[in-house]
*Asks:* 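What follows is a structure written as structure tokens; I'll ask about it next.
Both counts, for ligands and for their atoms, begin at 1 and track the order of listing.
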Amino acid sequence: MPIKTCQIDCKMKTSKFGTFKRVVIKVGSALLLDKHGEFNNVWLDNLSSEITSLKKSGTEILIVSSGAVAIGCNILKKSKSQMSLNEMQAAAAMGQAQLVMEWQDSFKSKNINVAQILLTRADTENKKRFLNSKDTLSSLLDYDVIPVINENDTVATDELKFGDNDRLAARVAQMAMADLLILLSDVDGLYDSDPKKNKNALHIPTIDKISNEIINMAGKNTSNYGSGGMVTKLQAAKIATQAGCATIISNGTHEKPLSSIIQGGKCSYFSVDSNSILTRKQWLAGYLDVSGSFKIDHGAQRALYEGGSLLPVGLMDVEGDFERGDIIRIMNDDDQEIGRGLTAYSSEEAEKIKGCQSDNIIKKLGYKNKSELIHRDNMALFQSKV
Ligand code: GLU
């Protein structure tokens with residue numbers, strides 16, 4: 001699908017708000033349910049209309065939505081404090097069904113399909129599961145569907161839990177290679193002290209680096225500072241910006257929360273961290289645990305430098321014993337390493353499809369994971385020309 005663009009201009013610092021193609025929007029429980037526990041359908045319909053407009057202008061959207069536990073508690077007429085972990089997980093299972101239905105209903109009138117994705121931390125940390133989840137998200141976006149993602153609360157035990165959907169949203173942004181993460185909460189962003197306690201607290205509109213000084217601003221004010229807490233929001237911003245995804249923390253309680261950002265409303269903008277990981281591909285380049293190598297021909301090398309993916313047709317040799325999702329060296333025909341990437345095929349499969357046209361993969365294997373051995377999004381080249 002051709003990716004068009006969305007322009008988010010911010011009166012505060014227009015230059016910081018470039019062109020965003022893929023945006024993850026995190027919505028907290030407190031925005032979806034009012035203080036009586038009633039579902040806030042009017043607010044959700046406004047948000048889904050705004051999202052529809054962004055989609056029409058070509059922006060791809062992924063939603064990370066909390067609310068399962070809160071809705072489940074309402075159905076059971078119990079508060080979280082009255083429940084054990086298992087009871088809360090049961091509440092989440094009940095609430096999740098309604099939660100995704102509300103999103104579905106709201107987008108139905110706009111002719112947009114949504115899909116439910118439930119993730120645990122292991123899905124973002126285990127290579128194979130990461131790649132599977134990433135591929136599914138990418139297929140949904142290709143189908144023009146909005147993924148509505150939540151933590152898989154019913155299976156995530158304490159150690160498996162992300163603990164909060166801010167960090168889950170940051171991992172999703174990393175996985176989906178989004179360029180913008182928007183954390184909608186009940187605060188206008190970062191202040192140098194708690195604005196609820198100090199009316200002179202200074203709002204920080206743009207943050208270029210999440211330094212210890214910045215972390216300390218939130219550290220002092222965790223208690224009543226938004227639903228997930230400012231500390232976890234900053235941790236999320238750090239994960240996302242280090243993965244090449246800018247982050248906005250904004251107040252979602254406005255009637256039209258996204259328009260408020262676009263029109264230059266108060267929010268905090270965290271720019272991509274250029275010092276730690278320059279691009280989201282750099283972790284690939286620096287990854288030490290390399291499992292094997294693909295030797296490729298000159299034509300394939302040229303295609304890679306022109307921005308293409310590595311196709312089986314250009315593969316000359318396979319070295320090593322590896323699985324799908326492992327990191328592989330890409331060697332040219334002079335035996336020089338020119339880059340690294342995540343392979344979509346195991347060494348055994350790659351050996352079988354070596355030199356074959358992508359259309360013939362099914363004939364050789366009896367199935368097809370992908371047309372590419374290594375998709376260009378999953379590849380880091382060490383230099384940009386031959
Ligand atoms: N996964 C939880 C839920 O849907 C929310 C966690 C959070 O808000 O950070 O209720």
*Asks:* When you look at V64 and I25, which way does the side chain to side chain contact (heavy atoms under 4.5 Å, CB included) test go after all the steps?
*Replies:* CA-CA 6 Å; V64 173; I25 301 170; over 6 Å; no

*Asks:* If you measure from each non-hydrogen atom of V69 to ligand 1, which part falls under 4.0 Å: side chain, backbone, both or neither?
*Replies:* both

*Asks:* Is there a polar contact, in the sense of an N or O pair closer than 3.5 Å, between E151 and ligand 1?
*Replies:* no

*Asks:* Would you say the rings of F294 and F322 are close, in the sense that their centroids are separated by under 6.0 Å?
*Replies:* yes

*Asks:* Using distance alone, decide if ligand 1 has a nitrogen or oxygen within less than 3.5 Å of any nitrogen or oxygen in S65.
*Replies:* no

*Asks:* Between A70 and ligand 1, does any nitrogen or oxygen pair lie at a separation below 3.5 Å?
*Replies:* no

*Asks:* In plain terms, say whether R329 and E337 are close enough for a salt bridge, that is, a side-chain N and a carboxylate O under 4.0 Å apart.
*Replies:* yes

*Asks:* Is it the case that atom NZ in K368 sees more than 12 heavy atoms from other parts of the structure closer than 6.0 Å?
*Replies:* yes

*Asks:* Are there over 12 heavy-atom neighbours, none belonging to K110, within less than 6.0 Å of that residue's NZ?
*Replies:* yes

*Asks:* Do any heavy atoms of A92 fall under 4.0 Å from ligand 1?
*Replies:* no

*Asks:* Between the side chains of S65 and N150, does any donor sit under 3.5 Å from an acceptor?
*Replies:* no

*Asks:* Should D166 and K233 count as an ion pair when the cut-off is N to O under 4.0 Å?
*Replies:* yes

*Asks:* Would you indicate which of L168, D153, L99 comes nearest to atom 2 (C) of ligand 1 when only heavy atoms are counted?
*Replies:* D153

*Asks:* What do we get for D164 next to ligand 1 when only non-hydrogen atoms under 4.0 Å count, side chain, backbone, both or neither?
*Replies:* both

*Asks:* Short N/O distance, under 3.5 Å, between S66 and ligand 1?
*Replies:* yes

*Asks:* Among N165, T232, D166, I149, which one has a heavy atom closest to atom 9 (O) of ligand 1?
*Replies:* N165

